[in-house]
Amino acid sequence: MKSYKIACIPGDGIGKEVIPAGQTVLQTLADTLEQFSFEFSAFDWGGDYYRQHGVMMPDDGLEALYDKDAILFGSAGDPQIADHITLWGLRLKICQGLDQYANVRPTRILPGIDGPLKRCRPEDLDWVIVRENSEGEYSGVGGRVHQGQPLEAATDVSMMTRAGIERIMRFAFSLAQSRPRKHLTVITKSNAQRHAMVMWDEIAVEIAREYPDVTWDKELVDAATARMVNKPATLDTIVATNLHADILSDLAAALAGSLGIAPTGNIDPERRYPSMFEPIHGSAFDIMGKGLANPIGTFWCAVMLLSHLGEEQAATVLMESIETVTADATLHTGDLGGSATTAQVTEAVCGHIRNHGKIQKVA
Ligand code: ATP
């Protein structure tokens with residue numbers, strides 16, 4: 001039987017509640033299906049670690065992750081620590097250190113979820129956003145001088161490389177090719193940003209030639225926001241730079257009903273390093289410690305993690321269990337207008353997994 005090593009990094013806030021819930025669900029799947037097992041290791045990195053050690057994670061922390069098959073990550077964010085420290089000190093350090101250059105965000109309106117778009121049927125909104133996750137606006141290139149002086153100046157340079165664009169375009173075209181619609185929308189801003197974004201557009205044209213069965217179009221990022229709201233069915237797979245996709249995917253999550261549902265995968269497509277799966281919500285300190293966090297985003301991450309490991313049957317069982325639970329409004333958490341707790345949603349999903357196992361054994 002295969003055994004997978006999973007690193008669990010709850011991080012801050014509700015990450016400490018949803019990641020143990022995700023671990024419970026994965027363990028229930030392993031116990032029920034009896035096809036694989038998990039070896040979980042927990043890492044206490046994040047805001048509390050920073051208060052004790054002055055860093056969000058140890059300098060040699062990445063080494064402890066190299067031999068893992070995947071990482072389940074909660075959130076990084078702390079009201080007492082500047083956001084750029086929590087982000088760069090943990091999440092980006094892992095994404096960049098493990099070269100997880102493709103950030104993948106599936107978005108759908110799950111059964112029972114009431115999205116804010118009046119005329120959008122659930123089948124109209126089925127997207128995967130691919131975010132370039134290693135360079136662009138978040139490459140960290142820039143500086144700040146003359147701090148506090150009238151001459152103070154600061155730059156954040158969006159650095160884009162041919163190699164970086166080629167690999168994310170190839171990944172996005174391949175992903176589009178694997179989906180029924182076989183359609184990719186390339187998000188750009190080359191009308192205003194006339195260097196790197198023009199190169200981005202040119203490389204999209206070059207890579208598109210390798211995928212003759214994939215149709216594709218180009219959309220300015222500002223126009224893309226309107227298209228997502230007004231014509232959601234015209235979109236399928238979407239590729240965008242680090243900043244553009246960061247913004248578009250929060251809009252996508254809101255259009256699908258709640259931040260609490262949406263998952264994301266930070267993928268190293270070449271599988272040199274473990275990939276990392278995390279719900280897109282942040283640490284949500286307003287509800288932390290109350291047992292009210294919606295764990296569905298983390299469970300959907302677990303589906304992505306299982307797919308990444310090649311455990312498609314387990315991924316399908318978990319996704320079906322999630323959809324059965326979201327369809328039941330009595331199991332909605334506060335973000336969805338309900339009053340269910342993290343524990344109730346987790347137990348309901350585990351119950352469906354166990355039922356599935358029983359049905360399978362009888363068959
Ligand atoms: P951060 O600064 O770490 O990004 P944040 O609290 O500013 O975190 P989010 O956590 O992304 O931002 O979410 C904003 C709000 O949405 C939260 O304050 C919370 O009320 C709600 N929310 C987010 N995720 C969930 C969830 N999983 N379950 C329930 N409510 C959630």
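- Cluster partners of V145 are absent, since no Ile, Leu, Val, Met, Phe, Trp or Tyr has side-chain heavy atoms less than 4.5 Å from it.
- At a threshold of 4.0 Å, the pair K182-D236 does not count as salt-bridged, since none of the basic side-chain nitrogens sits closer than that to a carboxylate oxygen.
- More than 12 heavy-atom neighbours from other residues, nucleotides or ligands sit within 6.0 angstrom of CG on D222.
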Test salt bridge (charged side-chain N to carboxylate O under 4.0 Å, His left out) on E347 and R354; report intermediate values, then the result. CA-CA 10 Å; E347 191 35 49; R354 288 189 207 104; 3.1 Å; yes
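- For the pair R167 and Y101, the cation sits on the ring face: its NZ or CZ lies under 6.0 Å from the ring centre, inside 45° of the axis.
- Side-chain contact between Q35 and K2: absent, with no pair of heavy atoms (C-beta onward) separated by less than 4.5 Å.
- D31 and Q27 share a side-chain donor-acceptor pair at under 3.5 Å.
- Placement of I9 and V18 in two distinct hydrophobic clusters is found when ILVMFWY residues are connected by side-chain heavy-atom separations under 4.5 Å, directly or transitively.
- Counted within 6.0 Å of CZ on R119, heavy atoms from surrounding residues, nucleotides or ligands total 12 or fewer; the atom is thus considered open.
- Pairing each heavy atom of N133 with each of C95, the nearest pair is ND2-SG, 3.9 Å.
- T264 pairs by the side chain to side chain contact (heavy atoms under 4.5 Å, CB included) definition with N103, R105, E278, I280, not counting sequence neighbours.
- Placement of F171 and W127 within a single hydrophobic cluster is found when ILVMFWY residues are connected by side-chain heavy-atom separations under 4.5 Å, directly or transitively.
- Residue F277 is grouped with residue F38 when hydrophobic side chains (ILVMFWY) are merged at heavy-atom distances under 4.5 angstrom, including chains of intermediate members.
- Between the side chains of D268 and S275, not a single donor N or O lies within less than 3.5 Å of an accepting N or O.
- Hydrophobic clustering, with ILVMFWY side chains joined whenever heavy atoms are under 4.5 angstrom apart, keeps I71 apart from L29.
- In summary, the side chains of D12 and S283 do not present any donor paired with an acceptor at a separation below 3.5 Å, with no hydrogens or angles considered.
- Side chain to side chain, D78 and T86 fail the donor-acceptor criterion of an N or O pair below 3.5 Å.
- For the pair S134 (side chain) and D99 (backbone), a donor-acceptor distance under 3.5 Å is absent.
- One hydrophobic cluster, built from ILVMFWY side chains closer than 4.5 Å, holds both V229 and I109.
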Salt bridge (charged side-chain N to carboxylate O under 4.0 Å, His left out) evaluation trace for E123 with R108: CA-CA 8 Å; E123 60 270 30; R108 277 193 293 126; over 6 Å; no
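- Look at R271 and D69 and you find no salt bridge, because none of the NZ, NE, NH1 or NH2 atoms lies under 4.0 Å from a carboxylate O.
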Under the side chain to side chain contact (heavy atoms under 4.5 Å, CB included) rule, what do H244 and R131 come out as? Steps first, then yes or no, please. CA-CA 8 Å; H244 292 166; R131 167 179 171 184; over 6 Å; no
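- Taking 4.0 Å as the cut-off between side-chain N and carboxylate O, D124 and K231 do not count as a salt-bridged pair.
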